[in-house]
Amino acid sequence: MTEPADDTTGQPPRAPWQWREEEWRRHVERVRAGRSLKPARWPHGAKAAVAFSFDPDHETIPLRDAEVMPGKLSQGEYGARVGVPRILRLLERHALPATFFMPAVSALLRPEEARGYVERGHEVALHGWIHERNMELGRRDERELAFRCADVLERITGQRPVGIRTPSWDFSEHTLDITLELGLSYDSSLMADDDPYEVLSYGRPTGLVEIPPEWIRDDAVYFNMDRYSAVRPYTMPRHVLGLWQDEFDAAYAEGGLFEITLHPHVIGHRSRAVVLERLLEHVCGRQDVWYATHAQVADHVRREAALGDGLPAA
């Protein structure tokens, strides 16, 4: 196999240990964390903030990988058929808002589900077209899909999305520019802090709010199962509950943000839904917590920091 030519020299690419300083600095500085946007105060005098998020991927993950047989698709269907109603009942019981990062194909398959989130006071945000891996796409395709997704979600829900979580939290060299061109208020794909921060590009502030997720606070890494690989759910659900409770308790003690990423086809199963219910009970046991969508968090920290004139408030 012929090595691809280096874009700037016409020569085969160098190994990282051969890079000149300006080369590795360019990669590092492309997208970085800027100033912290952790506010001095949360709304209503709350000590800390909580932002629950759910990614209703449903059938899009197997479809992305061209796995079109009924078995894998049925696992995704479980998320829509059982997981989502179970989650919505829990959120309603505790009067909690949430953000649903929904692939456009999921919304097209079940438009009533997407509309239902908004009708219940939740947020619907971007999460790719078919849960594609954007780092495998060229700029033109990534941009076209991003704009198409925004149009689809707006048409179905009646609201233009103001935030994005890239599928699998992949972030290509083009993702930031496309996100800014879309005029989005926030991203939730990068992991440089516990609390919200402003995204930099080559040292320059972009005005984009980052609401950082983390694999620690994601259900899929503990519970996913793949018959044909080594991916197995090795962790007992109640053990993960203790970890997430500790994450919340630490965020509360620091006066920061507790953000968590969950998936209906993962957390929606009976034994795991018990864990979600116990987590909600633990979090709601605190009286001075502000519960918000990701858009509301971005809007608040933007106002507190007088950030990004010209970008839309969530």
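Note: hydrogens, waters and symmetry copies are ignored here, and every other heavy atom, side chains too, is used. Residue indices begin at 1 and follow the sequence shown.
Using a distance-only test at 3.5 Å, with no hydrogens or angles considered, a donor-acceptor pair links the side chain of D193 to the main chain of D195. In this structure a side-chain-to-backbone donor-acceptor pair under 3.5 Å is missing from E92 to R89. Side chain of S188 to main chain of P212: no donor-acceptor pair is present (N/O by atom type, distance under 3.5 Å, no hydrogens or angles). Although no hydrogens or angles enter the test, the distance criterion places a donor-acceptor pair under 3.5 Å between the side chain of T293 and the main chain of Q296.
Residues satisfying the side chain to side chain donor-acceptor pair (under 3.5 Å) criterion with D170, sequence neighbours excluded, are absent altogether. The salt bridge (charged side-chain N to carboxylate O under 4.0 Å, His left out) search around R133 returns D65, not counting sequence neighbours. Residues meeting the side chain to side chain donor-acceptor pair (under 3.5 Å) test with Y252, sequence neighbours left out: D288. Residues that satisfy the salt bridge (charged side-chain N to carboxylate O under 4.0 Å, His left out) test with E277, not counting sequence neighbours, are R93. By the salt bridge (charged side-chain N to carboxylate O under 4.0 Å, His left out) test, E281 pairs with R278, sequence neighbours left out. When the side chain to side chain donor-acceptor pair (under 3.5 Å) test is applied to R272, no partner is found at least two apart in sequence or on another chain. Checked against salt bridge (charged side-chain N to carboxylate O under 4.0 Å, His left out), R217 has the following partners two or more places apart in sequence or in another chain: E247. Legend: residues meeting side chain to side chain donor-acceptor pair (under 3.5 Å) with E21, ordered by chain and number and at least two apart, are R25.
In this structure, I267 CD1 and D219 CG are separated by 5.0 Å, a value rounded to the nearest 0.5 Å. Here the SG-NE2 distance, from C149 to H127, works out to 10.5 Å after rounding to the nearest 0.5 Å. Rounding to the nearest 0.5 Å places OG1 of T261 at 5.5 Å from CG of D218. With rounding to the nearest 0.5 Å, the separation of CD in E123 from OG1 in T157 is 10.0 Å. Atom OG1 of T179 is separated from atom CD of E142 by 7.5 Å, given to the nearest 0.5 angstrom. Note that CG of L96 is 12.0 Å distant from CG of L88, once rounded to the nearest 0.5 Å.
Among N134, T166, V31, the one residue that satisfies the side-chain contact (heavy atoms from CB on, under 4.5 Å) test with S172 is N134.
Counting only residues at least two apart or in different chains, side chain to side chain donor-acceptor pair (under 3.5 Å) contacts with residues 104-115 comprise H58-E113, E59-R110, E113-Y117.
Nearest heavy atoms, G268 versus A273: O-CB, 4.3 Å. Nearest heavy-atom pair across S168 and H131 is OG-CE1, 3.3 Å. Heavy-atom minimum distance, A295 versus V162: CB-CG2, 3.8 Å. Residues R14 and W19 come closest through the heavy atom pair O-NE1, 3.4 Å. Of all non-hydrogen atoms in L153 and P161, the two that sit nearest each other are CB-CG, 3.8 Å. When all heavy atoms of Y291 and C284 are compared, the pair lying nearest together is OH-CA, 3.3 Å.
A salt bridge links R139 with E181: the distance from a Lys NZ or Arg NE/NH1/NH2 to an Asp or Glu carboxylate oxygen falls below 4.0 Å. Ion pairing of R165 with E210 is absent here, as no side-chain N (NZ or NE/NH1/NH2) approaches a carboxylate O to less than 4.0 Å. A salt bridge does not link E132 to R64: none of the charged nitrogens lies less than 4.0 Å from a carboxylate oxygen. Checked for salt-bridge contact, E304 and R41 meet the test: a charged N lies under 4.0 Å from a carboxylate O. Electrostatic pairing of R303 and D299 counts as a salt bridge here, judged by a charged N lying under 4.0 Å from a carboxylate O. Of the charged side-chain nitrogens involved, none lies within less than 4.0 Å of a carboxylate oxygen, so that R143 and D177 do not count as a salt-bridged pair. A salt bridge links E144 with R148; the closest basic N to acidic carboxylate O contact falls under 4.0 Å.
Q18 CD: more than 12 foreign heavy atoms inside a 6.0 Å radius. For R120, the CZ atom is loosely surrounded, since the number of other residues' heavy atoms within 6.0 Å does not exceed 12. Under a cut-off of 6.0 angstrom, the local environment of CZ in R30 is crowded, with over 12 non-hydrogen atoms contributed by other residues, nucleotides or ligands. Within a 6.0 Å radius of CZ in R160, more than 12 heavy atoms belonging to other residues, nucleotides or ligands are found.
Residue W17 belongs to no hydrophobic cluster, having no ILVMFWY side-chain heavy atom closer than 4.5 Å to its own. Other cluster members for L200: none, since no ILVMFWY side-chain heavy atom sits under 4.5 Å from it. Using a 4.5 Å cut-off between side-chain heavy atoms of Ile, Leu, Val, Met, Phe, Trp and Tyr, L137 falls into a hydrophobic cluster with L63, V68, M69, L73, V105, L108, L109, W129, I130, L145, V152, I156.
By the 4.5 Å heavy-atom criterion applied to side chains, R286 and D249 are counted as neighbours. Using a 4.5 Å heavy-atom cutoff, the side chains of V274 and P237 are not in contact. For the pair E259/F52, no side-chain contact is recorded, criterion being any heavy-atom separation below 4.5 Å from C-beta on.
Side-chain atoms of T206 and E198 include no donor-acceptor pair closer than 3.5 Å.
Taking the six-membered ring where tryptophan is involved, the planes of F223 and W244 are perpendicular, since the angle between them exceeds 60° and thus also 30°. Ring pair W169/W215 is tilted by interplanar angle, where 30° to 60° counts as tilted.
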Residues I216, Y222; criterion side chain to side chain contact (heavy atoms under 4.5 Å, CB included); working and verdict: CA-CA 9 Å; I216 296 169; Y222 305 108; 3.9 Å; yes
Worked verdict on I178 versus L180 for side chain to side chain contact (heavy atoms under 4.5 Å, CB included): CA-CA 5 Å; I178 294 167; L180 295 174; over 6 Å; no
Test log, rule side chain to side chain contact (heavy atoms under 4.5 Å, CB included), inputs F147 and L182: CA-CA 7 Å; F147 276 82; L182 273 167; 3.6 Å; yes
Step-by-step side chain to side chain contact (heavy atoms under 4.5 Å, CB included) determination, H300 to W290: CA-CA 11 Å; H300 177 72; W290 181 51; 3.9 Å; yes
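Taking the ring centroids of H294 and F101, they lie under the 6.0 Å cut-off. Between H265 and Y78, a ring centre-to-centre spacing not shorter than 6.0 Å is recorded.
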